[in-house]
Amino acid sequence: MTMNVVECIALTKIFQDFWGRDKVRAVDNLDMEVRPGEVFGLLGPNGSGKSTTIKMLLGLLYPTSGAARVLGKMPTDTAVKSQIGFLPEESYLYRYLNAYETLDYYGRLFKLDRYERKRRTEQLIEKVGLKKAAKRPVGTYSKGMARRIGLAQALMNDPDLLILDEPTSGLDPAGTLKVKNVIKELGERGKTVILSSHLLADVEDVCDRVVIMYGGRQQAVGTVEELLKRQDTTQILAKHLDENTIQKIRELVAKSGSELLRVDHPTDRLENLFFRVIAEAQRQQIATSGAEESEGMPEFLSARPQRQTGSELVEALVDAGKDELKEPVMTPVEPAGPVARADVLEELTKGERSSSAAATSKAPASESADKSEEKSQPKSDVLDRLMGPDKK
Amino acid sequence: MDNTINNFSVIMIGIGVLIALIVLVFVIRGVLVGHGGEIGGWTLRGANQTIFAVARSTLAEGIRAKVASGFALLIIVSVPIFYFMATGDATIKGRVQMFMAYSLGFSSFVLALLTILFSCRSLSREIESRQIFGLVTKPVPRWQILAGKWCGIMTLNVGLMAIVGVGTYIGTRQIVAGFKNTLQHQLETDGGLTQAQAERVVAALGNVRGPGAKGMQSPIITAMQESTGMSRQEIGDILLKLPESTRVDLRRGDELRRQVLVGRASVRPEIDYKAIADLADKRYATLEKEGRLPTDLPRERIMEALRNEIFGAMSTIHPFGDLTWTMKGPPPDKRNDALMSLRYKLDSESALPPLRFDEINMLLEEDKVWAAWLIGDPKSATVIAIPPPIQARTVQEIELPIDCVSPDGSIQVALRNEDPRNTALMFDLTKNLEVMYVVSSFETNLFQTCLALLVPITCLASFGVFASTFLTFPVAALILVCLYVISSSMGFVAESLAVTTDYYNPNEVQSWEFHVRRATVDAMGWVLAIGDSNPVGDLIEGRSIGWPRLFDLFWRFVLIKGGVTMFIGVLVFRRRELAAVIV
């Protein structure tokens with residue numbers, strides 16, 4: 001049996017006042033496990049204990065009671081930290097160092113030799129799109145740029161376990177997408193990622209499993225699909241249908257004893273529009289002093305397939321990841337036709353997607369166009385089932 | 001009034017002790033009662049890399065984040081300013097001494113402040129601003145973080161001290177070179193010498209040998225005579241044409257070369273305290289046997305009085321008697337122009353009124369005694385006799401050839417008391433009788449002075465790093481500034497608490513209040529001492545700092561005190577929850 005990467009047993013943290021009296025129970029009896037190779041989300045509102053849990057996993061706080069194990073060792077064990085990458089909730093950087101020096105400094109802390117530090121620093125700066133700003137002190141960076149260099153330092157040691165506390169806070173939509181892509185790619189490479197966020201979309205997009213916390217306690221835990229699946233609702237997504245067809249579907253649904261809840265024309269997502277505009281600006285090579293976008297993953301990051309999805313699949317995915325180096329990652333999402341109101345339709349289709357979700361989430365970007373095409377069209381097997389009685 | 005002051009000081013000390021105890025309790029509580037966590041790792045493997053990385057980052061913080069750069073600039077600018085400002089007593093010797101005292105003294109003071117602020121700020125601000133999260137979540141044991149901080153701070157200090165040392169050296173040499181240029185110019189213009197002759201006269205200043213003497217007997221004139229081939233009279237005439245200040249500077253410059261810009265050992269009589277204690281024991285036993293012990297004094301008090309009596313006997317020359325002391329120091333640097341100085345302050349039991357010897361028609365002036373020195377081994381040919389009379393009650397320095405110091409650095413000094421006024425003569429052997437001779441060069445002495453100046457700074461760096469493991473920047477810095485100020489003025493503290501011998505009679509039994517005050521001064525002296533041994537004072541008197549003294553300072557204040565402080569700091573830091581929130 002594979003050892004869990006992180007294990008918390010009745011983990012409790014109580015903050016005290018100046019006189020040593022218990023005041024705040026930040027984490028309360030938390031049992032949690034993170035399996036190798038999964039992207040695990042810690043979800044909860046502000047003050048729910050996500051950051052405190054993460055800090056206990058990193059030895060920045062000591063548990064009041066209970067225990068935590070990271071990669072089989074105590075979080076206070078210094079040696080285990082060589083396998084961990086950590087991005088704090090804000091990028092606490094040395095303002096007087098530039099990006100190269102910052103990464104070089106962290107590389108030295110990992111005892112990397114000069115050549116390796118140089119190689120990784122250059123690749124990471126390229127990857128997080130800070131090449132033009134790399135010689136500037138990081139104190140002059142915008143919040144989003146600081147976040148990017150923070151992410152780069154977390155990857156400096158090619159970690160097996162990546163702990164990201166609010167990784168997308170302060171990032172623009174492009175940066176958010178970028179980070180999410182990085183997390184997905186890391187997941188594909190077999191890295192274990194723990195992600196804390198209160199931005200539900202972030203977690204939903206990238207996490208395999210999530211724990212929802214409130215008041216320091218675990219309220220729900222499971223895979224995203226398990227938690228989101230609504231068995232009592234079915235969603236159909238189609239290219240433009242005329243009123244006649246809609247009526248037919250309505251009748252079919254009624255005949256099957258159910259009820260068609262809503263039919264409408266979805267508007268495009270602001271996110272898609274945003275990416276189209278930015279992509280157009282980049283095509284026109286409009287200058288920017290901020291971060292740029294780049295492609296692919298730094299080649300020093302190791303790929304250690306650990307997922308239970310079969311070695312062939314993993315190999316294919318890793319190879320696809322390499323191919324992806326040649327293609328822009330930030331491809332604007334342009335649905336082939338009108339997209340249904342995302343929130344409604346995605347919920348409706350989720351049940352069907354769940355069976356192939358694992359494969360889909362690991363699909364390389366080169367296949368994304370096909371996949372989005374596939375997403376935007378009604379699933380033939382669902383329709384077949386729906387139409388089935390009529391054909392008969 | 002006195003009583004009020006003493007009560008006040010006891011109350012203040014009480015408050016201080018109470019605050020210290022509360023802080024201590026909180027520190028111990030934080031260390032012991034923290035929720036069972038401690039960051040592990042004492043590993044040495046790869047420590048050099050991580051310590052170097054942290055030190056580099058700390059250094060960058062000091063320079064780029066302008067924490068230390070202001071201080072550094074102040075130090076770098078101050079050395080040339082002192083070069084132009086220092087005048088001393090308007091002689092070349094005074095100018096050089098003042099320049100060295102100002103540039104080294106001021107720089108070491110500024111470096112101490114810089115160290116306090118930088119060492120207290122670096123770690124505590126990193127914790128406060130949470131930059132430390134990026135550091136402690138890497139495979140770096142906490143001791144390496146503290147060691148790295150210390151190394152970074154000390155690298156900056158050593159760098160700045162090197163600049164100060166080199167600046168002081170260049171400045172000193174420039175002052176001397178400037179004087180020589182002026183002298184050469186004056187010899188050519190006022191003295192009417194050719195350029196070549198003037199150059200030879202100036203070059204002679206480096207070859208002056210033998211003890212100093214006044215007027216035409218001066219060894220400076222001898223050296224000039226040898227160098228130029230002119231007669232003493234001719235040289236005397238030329239020198240008389242020069243301004244008086246230049247003539248004074250010729251003598252002062254020679255003193256500077258031979259007494260200041262060198263490292264001289266100062267050796268004092270060896271005092272065998274164990275033999276004194278043994279003698280006192282015997283004497284006590286005899287008095288006890290004879291039933292002559294005073295009944296109203298405790299044994300300790302009687303023993304102390306006996307020891308003082310015996311010690312006094314060792315430093316008192318009775319009428320028509322003599323005493324010989326053996327002094328031992330480092331082997332001398334027997335350069336042919338080197339001199340030895342006998343430095344003493346002689347006291348007498350009774351007043352020394354003027355005395356006329358009618359037979360030989362001679363007047364023995366007031367405070368002059370008819371006594372003779374014999375320096376060196378009496379059996380050897382190099383022994384030097386200094387005939388009577390000799391001056392008493394003021395510090396005297398006699399220049400002598402270095403021959404009477406034996407190659408192992410030992411020297412015998414004897415004084416014969418032949419004064420007809422029947423008075424005993426005495427020295428305070430701990431400070432008023434010493435022989436000084438050259439053991440090292442000025443360069444070595446300056447280098448050792450810089451190292452000695454770094455000792456208290458090193459100690460402060462350890463204190464600062466330690467304090468920042470559990471205190472915020474302003475609190476830690478304030479405490480350290482207080483510590484530095486108090487440790488620099490312990491003599492004043494001892495006086496203000498009336499525990500110096502000027503304020504109490506050691507032969508009286510003291511009250512508990514006195515013991516509280518004395519214990520406080522002793523404890524403060526021990527806790528707050530940072531190894532400040534006033535090396536600049538020694539440098540400007542041409543006293544050699546010496547490797548043994550440096551080694552002593554190093555192990556006591558850098559290794560033991562600094563090391564123990566850092567170790568406690570590591571223990572505290574290992575247990576500290578860096579993301580802890582007090583609610």
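All chains are named by letter (A, B, ...) in the order of the sequence lines, taking the proteins before the strands, and each is independently numbered beginning at 1.
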Item to check | Those residues that, when tested against B:Thr137, pass side chain to side chain contact (heavy atoms under 4.5 Å, CB included) (two or more places apart) | outcome: A:Leu58, A:Leu60, A:Phe86
Checklist outcome for this item: Okay, A:Leu93 and chain B: the region with an atom under 4.5 Å from a heavy atom over there is backbone
Next on the checklist: On a heavy-atom basis, which atom in A:Gly59 and which in B:Arg142 lie closest, and how many Å separate them?
Outcome noted: O-NH2, 3.8 Å
Item to check | Shortest non-hydrogen separation from A:Lys81 to B:Pro139 and the atoms involved | outcome: CB-N, 3.8 Å
Checklist entry - If you measure from CD on B:Gln131 to CZ on A:Arg95, what distance do you get to the nearest 0.5 Å? => result 9.0 Å
Item to check | Heavy-atom proximity to chain B below 4.5 Å, by part of A:Glu101 | outcome: side chain
Item to check | Under 4.5 Å from any heavy atom of chain B - which part of A:Asn157 | outcome: neither
Item to check | Audit row: A:Tyr92, B:Glu126, side-chain contact (heavy atoms from CB on, under 4.5 Å) steps and yes/no | outcome: CA-CA 9 Å; A:Tyr92 306 117; B:Glu126 203 164 317; over 6 Å; no
Checklist entry - Roughly how far, to the nearest 0.5 Å, is the OG1 atom of B:Thr50 from the OH atom of A:Tyr105? => result 9.5 Å
Checklist outcome for this item: Quick note, salt bridge (Lys or Arg N to Asp or Glu O under 4.0 Å) partners involving residues 457-468 of chain B, not counting sequence neighbours, are none
Checklist entry - Using a heavy-atom distance cut-off of less than 4.5 Å, which residues of residues 108-117 of chain A contact chain B? => result A:Arg108, A:Leu109, A:Phe110, A:Lys111, A:Leu112
Checklist entry - Heavy atoms under 4.5 Å from chain A: which residues of residues 53-64 of chain B carry them? => result B:Ala53, B:Val54, B:Arg56, B:Ser57, B:Ala60, B:Glu61, B:Arg64
Next on the checklist: As an exercise, state the distance from NZ of B:Lys138 to CD1 of A:Ile84, rounded to the nearest 0.5 Å.
Outcome noted: 10.0 Å
Checklist outcome for this item: Value for CZ (B:Phe133) from CD (A:Glu89), rounded to nearest 0.5 Å, stands at 6.5 Å
